[in-house]
Protein chains: 2
Amino acid sequence: MNGKRLGIRDIARLAGVAPATVSRVLNGQKLVSEETRRRVEEVIRTLDYVPDATARALSVRQTKTIGTVVPTVDNAFYASGISAAQKYLAANGYTLLLATSDYDPELEFEQVRNLVGRKVDALILRGADHSPVLLQFLAGHGVPWVAVGSYSPQSPFPSVGIDNHAAGFRACTHLIDLGHRRIGLLGARTGNNDRARGRVRGAKDALAGAGLPLPEHWVFEVGAGLDDARQTAKALLAEPARPTAVVCTTDLIAFGVVLECARSGLSIPESLSVIGIGDLEWSRHIQPALTTISIPTKEVWRRACDFLVHSLAGGNVCQHFECGFELTVRETTASPAIARSA
Amino acid sequence: MNGKRLGIRDIARLAGVAPATVSRVLNGQKLVSEETRRRVEEVIRTLDYVPDATARALSVRQTKTIGTVVPTVDNAFYASGISAAQKYLAANGYTLLLATSDYDPELEFEQVRNLVGRKVDALILRGADHSPVLLQFLAGHGVPWVAVGSYSPQSPFPSVGIDNHAAGFRACTHLIDLGHRRIGLLGARTGNNDRARGRVRGAKDALAGAGLPLPEHWVFEVGAGLDDARQTAKALLAEPARPTAVVCTTDLIAFGVVLECARSGLSIPESLSVIGIGDLEWSRHIQPALTTISIPTKEVWRRACDFLVHSLAGGNVCQHFECGFELTVRETTASPAIARSA
DNA sequence: CTGAAAGCGCTTACAG
DNA sequence: CTGAAAGCGCTTACAG
């Protein structure tokens with residue numbers, strides 16, 4: 001269209017007012033006469049002027065942007081959270097700055113550093129389990145942040161999520177209630193991951209509470225990704241003395257077990273009961289449909305954003321929010337009695 | 001830590017140099033003496049100073065940020081692309097600004113407007129099928145962009161992706177080659193979506209080329225989402241005179257058919273052959289494993305980013321890049337003869 | 001090799 | 001209600 005980029009000064013000139021006035025109508029301030037406002041808006045519209053948000057950011061010291069770093073978005077669980085967050089933020093005038101860490105704490109820090117340099121108004125981080133130096137960095141730079149995924153009322157930092165210990169406990173209890181006595185445990189890596197740790201502990205506590213043993217060879221630590229899950233499932237199935245049921249720390253892990261059983265002709269739940277945690281979209285579509293602990297992931301992220309948006313606006317918001325979860329019984333769990341009669 | 005935010009001036013003062021010098025070491029310019037550089041870096045390190053990227057952006061007129069707007073990230077297909085893009089960009093000093101449109105062109109425009117206001121250096125948009133006013137807006141503001149997902153050599157704008165017509169053609173041809181004569185077509189909505197349109201036309205052309213009819217009631221237009229796919233699949237199965245095979249424009253749609261057949265006890269491929277396009281992670285895990293056209297989605301996005309990064313750096317890059325696809329035969333397609341003998 | 005100064009495009013007291 | 005001026009935190013010719 002025209003030679004160089006349009007600025008607020010151009011609009012001002014064409015509307016016959018001062019830049020300050022244009023700025024006022026841009027920001028919807030009341031102290032502008034109806035007539036002036038109309039004139040300015042007219043010029044803005046005809047020229048298709050879009051104010052430079054980076055310049056504004058420099059002036060007002062806020063970018064209206066929230067950063068987040070997740071391990072990967074290539075995983076239904078994170079994708080769903082990211083999606084919900086993005087929508088909520090967009091609806092509130094914010095934009096999501098996305099970074100991924102590939103499960104690497106070093107990379108996570110680097111990404112946080114980058115995001116902070118880009119002056120995000122706040123950060124959403126997975127879990128409350130971060131290195132002291134990261135925490136100190138955030139504090140030193142005065143960047144607000146919220147831990148998403150685990151409800152950590154004892155943490156000095158805001159958090160929103162479920163009680164992971166309770167979720168692991170509930171999942172395991174379901175199996176125990178069905179009559180299982182030989183229960184295995186497939187958990188995500190617990191290093192640097194308070195959510196996985198909470199779930200694993202919850203399941204173990206349930207077992208201990210019921211006086212059930214948990215032999216070393218019935219607990220597996222599984223990597224991220226469906227292929228890792230299948231790998232582990234294969235190892236489990238190779239066990240000569242198999243458990244009659246397994247609690248999986250995530251649905252993805254449970255998928256691996258279900259898929260691997262199908263591959264080796266082992267019928268679920270007759271030969272093995274499996275329960276997951278998460279309730280992804282595929283959980284109800286897979287055959288047999290997965291019994292799991294349903295986590296309102298989208299709500300969790302939405303609330304995390306909500307917390308940030310409100311506290312950035314100066315509101316006084318509750319620091320910790322616990323989201324509920326519930327047991328969703330589908331087709332992968334049954335009483336071990338079924339196995340005998342089968 | 002300290003009272004107010006650290007600025008380049010603080011570093012300069014503490015290092016006993018001018019802000020310009022600090023700027024020079026920050027940007028790795030050669031024209032700084034070793035000793036000065038070391039001194040400045042020392043101060044930066046001890047104070048954990050992170051330069052303000054928004055201020056820099058205002059000065060150098062580039063934000064080192066790339067925006068993208070996709071329908072949703074809550075879909076394995078997009079999630080995978082976004083993920084690849086984010087990684088590639090991060091590795092090259094860029095950050096991804098993510099926006100979603102929920103399949104709404106109006107919202108897409110609004111998001112583009114927002115991203116442009118945030119001064120993204122360039123944009124990645126899905127497909128080449130955009131409204132003239134959007135195109136004009138982008139041109140007027142001088143924002144470079146690349147269409148991702150379809151190879152459109154005739155388009156005046158850069159594109160990277162596969163030849164969707166050819167993909168649809170190939171999928172349908174596979175079915176024809178197996179001996180099918182009654183072939184249905186389940187396609188994603190084609191409005192505002194050149195990729196879906198290309199695939200549908202490709203399949204139709206293959207049918208026409210083989211002299212096969214395509215009755216009205218064998219073609220379905222299906223909404224986004226797995227549930228929509230199952231809905232459509234249900235309608236298909238209810239048809240009294242069913243086709244013996246269907247080509248699905250996306251794997252997600254094919255999943256719907258596979259899942260719905262399982263639910264109603266229809267065996268695949270004996271009673272129905274189904275082929276998808278995409279090859280998502282689940283395609284090889286689902287039972288039976290899906291025959292499909294494999295698209296290197298991550299590579300497509302990586303190349304789109306690569307194009308942008310290089311052309312922003314002033315390089316002369318090829319405007320259109322075609323990615324290859326290939327037929328991956330798994331378990332959901334077979335000759336119709338099998339049905340008779342079954 | 002290093003510094004002083006102007007400028008990037010906005011916003012916001014401060015006057016009027 | 002409106003404008004002139006200073007400032008946000010960097011970078012970059014221009015001098016030296």
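Protein chains get the first letters and strands the later ones, always in sequence-line order, with residue 1 at the start of each. Values below: every heavy atom of this structure, side chains too, minus hydrogens, waters and symmetry copies.
Residue A:Q154 places its CD atom among more than 12 non-hydrogen atoms of other residues, nucleotides or ligands, all under 6.0 Å distant. Within 6.0 Å of CD on B:Q319 lie more than 12 heavy atoms contributed by other residues, nucleotides or ligands. Enclosure of atom CD in A:E110 is not indicated, since only 12 or fewer non-hydrogen atoms of other residues, nucleotides or ligands lie within 6.0 angstrom.
Taking only side-chain atoms of A:R61, from C-beta outward, the nucleotide of D:dT2, C:dT11, D:dG9 with the closest atom is D:dG9. Counting only heavy atoms from C-beta on, B:Y49 has its side chain closest to D:dC10 among D:dT2, C:dC8, D:dC10. Of the candidate nucleotides C:dT12, D:dG9, C:dG9, C:dT12 has the atom lying nearest to any side-chain atom of A:S23. Checking C:dT11, D:dC1, C:dG3 against every side-chain atom of A:R56, the shortest atom distance belongs to C:dT11. Here the side chain of A:A18 is nearest to one of D:dA4, C:dC8, D:dT12, namely D:dA4. Minimum atom distance to the side chain of B:A20 is reached by C:dA4, of the listed C:dA4, D:dT11, C:dT12. Counting only heavy atoms from C-beta on, B:V32 has its side chain closest to C:dT2 among D:dG3, C:dT2, C:dT11.
Closest-nucleotide positions on DNA chain C for A:I8 and B:R24 were compared, and the one nearer the 5' end corresponds to B:R24. Remark on DNA chain C: of its neighbouring residues B:A55 and B:G16, the 5'-side contact belongs to B:G16, judged by nearest-heavy-atom nucleotide.
Across all strands, B:V17 comes closer than 4.0 Å only to sugar-phosphate atoms, never to a base (heavy-atom distances). Using a 4.0 Å heavy-atom criterion, one finds that A:T36 contacts the sugar-phosphate atoms exclusively.
One can place CG of B:L26 at 15 Å from P of D:dG9, the figure rounded to the nearest angstrom. When the C1' atom of D:dC8 is taken as reference, atom CD of A:Q62 falls 13 Å away, rounded to whole Å. Rounded to whole angstrom, the span from the CZ atom of B:R9 across to the C1' atom of D:dC10 amounts to 9 Å. The CZ-C1' distance, from B:R118 to C:dG9, rounds to 16 Å in whole Å. Here the P atom of nucleotide D:dC10 and the CG atom of B:N27 are 11 Å apart, to the nearest Å. Distance B:K30 NZ to C:dT2 C1': 16 Å, rounded to the nearest Å. Following rounding to the nearest Å, A:L58 (CG) and C:dG7 (P) show an atom-to-atom distance of 17 Å. Between B:Q29 atom CD and C:dG3 atom P there is a gap of 14 Å when expressed in whole angstrom units.
Between D:dG3 and A:T21, a contact under 4.0 Å exists linking OP1 or OP2 to a side-chain N or O.
Judged by distance alone with a 3.5 Å cut-off, no donor-acceptor contact links the side chain of A:T54 to the base of C:dG9. Judged by atom type and distance alone, B:S33 does not reach the base of C:dC1 through any side-chain donor-acceptor pair under 3.5 Å.
Side-chain polar atoms of A:D121 and A:T65 form no donor-acceptor pair below 3.5 angstrom.
Applying the Watson-Crick and G-U wobble criteria (two distances, each under 3.5 Å), D:dC1 pairs with C:dG16.
Here the CD1-NZ distance, from B:I82 to B:K298, works out to 10.5 Å after rounding to the nearest 0.5 Å.
The aromatic rings of A:F157 and A:W145 are tilted relative to each other, their planes meeting at an angle between 30° and 60°.
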